[in-house]
Amino acid sequence: MGLFDRLRGSGRAGELHVGDPRFDGWEVVRELEDIESARSWRAHLDEAGIEAVITSDHPLDRFGRGDIYLQVPPESWSDAEEFLSNLDLD
């Protein structure tokens, strides 16, 4: 099973949106370097009831790394940013 198959099969189907124009107008709340971190941040937003997607302009490398963005609809940006900024992750 390749990385792409693992990404699709672990959690939400199609959880990584590569070069998907549907999210061009969405706001970036976090820039990340690996898919596992992106999943964790997205899970926090999901638990808070804030819609979020994981996007990238290019396919990730074989280790699940690259330029990854956690994005929310424009109307959710301030709620998402406030929520994530107030998380105590220590």
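- Partners of Y69 under the ring pair (Phe, Tyr, Trp, His ring centres under 6.0 Å) rule, at least two apart in sequence or in another chain, do not exist in this structure.
- Contact record, D20 with D24: O-OD1, 3.9 Å, taken as the closest heavy-atom pair.
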**Item:** Working for side chain to side chain contact (heavy atoms under 4.5 Å, CB included), residues I35 and L60
**Value:** CA-CA 8 Å; I35 192 68; L60 305 182; 4.0 Å; yes

**Prompt:** Do F83 and L87 pass the side chain to side chain contact (heavy atoms under 4.5 Å, CB included) test, and can you show the C-alpha distance, the side-chain angles, and the key distance before you say yes or no?
**Reply:** CA-CA 7 Å; F83 178 79; L87 285 178; 4.0 Å; yes

Could you give the side-chain donor-acceptor pairs of residues 73-82 under 3.5 Å, partners two or more places apart or in another chain?
residue, atom, partner, partner atom, Å
E81, OE1, R30, NH1, 3.2
E81, OE2, R30, NH1, 3.4
E81, OE2, S85, OG, 3.1

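- A search for side chain to side chain donor-acceptor pair (under 3.5 Å) contacts involving S56 returns nothing, not counting sequence neighbours.
- Between V72 and A52, the closest heavy-atom pair is CG1-CB, 4.0 Å.
- What you find for F23 and Q71 is that their closest heavy atoms are O-NE2, 3.3 Å.
- Of all heavy-atom pairs spanning H44 and L84, the tightest one is CB-CD2, 4.3 Å.
- With sequence neighbours left out, D57 forms a side chain to side chain donor-acceptor pair (under 3.5 Å) with no residue at all.
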**Request:** Step by step, work out the side chain to side chain contact (heavy atoms under 4.5 Å, CB included) result for I68 and E31.
**Result:** CA-CA 6 Å; I68 302 170; E31 293 183 24; over 6 Å; no

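- Judged as a side-chain contact (heavy atoms from CB on, under 4.5 Å), and not counting sequence neighbours, A43 has no contacts.
- Contact annotation: the side chain of W26 never approaches that of H17 to less than 4.5 Å [non-hydrogen atoms, C-beta and beyond].
- In terms of the side chain to side chain donor-acceptor pair (under 3.5 Å) criterion, residue partners of S37 (sequence neighbours excluded) are, by chain and number, D34.
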**Asked** After noting the C-alpha distance and the side-chain angles of V18 and T55, does the key distance pass the side chain to side chain contact (heavy atoms under 4.5 Å, CB included) rule?
**Response** CA-CA 6 Å; V18 178; T55 65; over 6 Å; no

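- Atom OG of residue S40 and atom CG of residue L45 lie 11.5 Å apart, to the nearest 0.5 angstrom.
- Note that CG of L16 and CZ of R39 are 9.0 Å apart. Values are rounded to the nearest 0.5 Å.
- To the nearest 0.5 Å, the span separating CZ on R42 from CD1 on I54 amounts to 4.0 Å.
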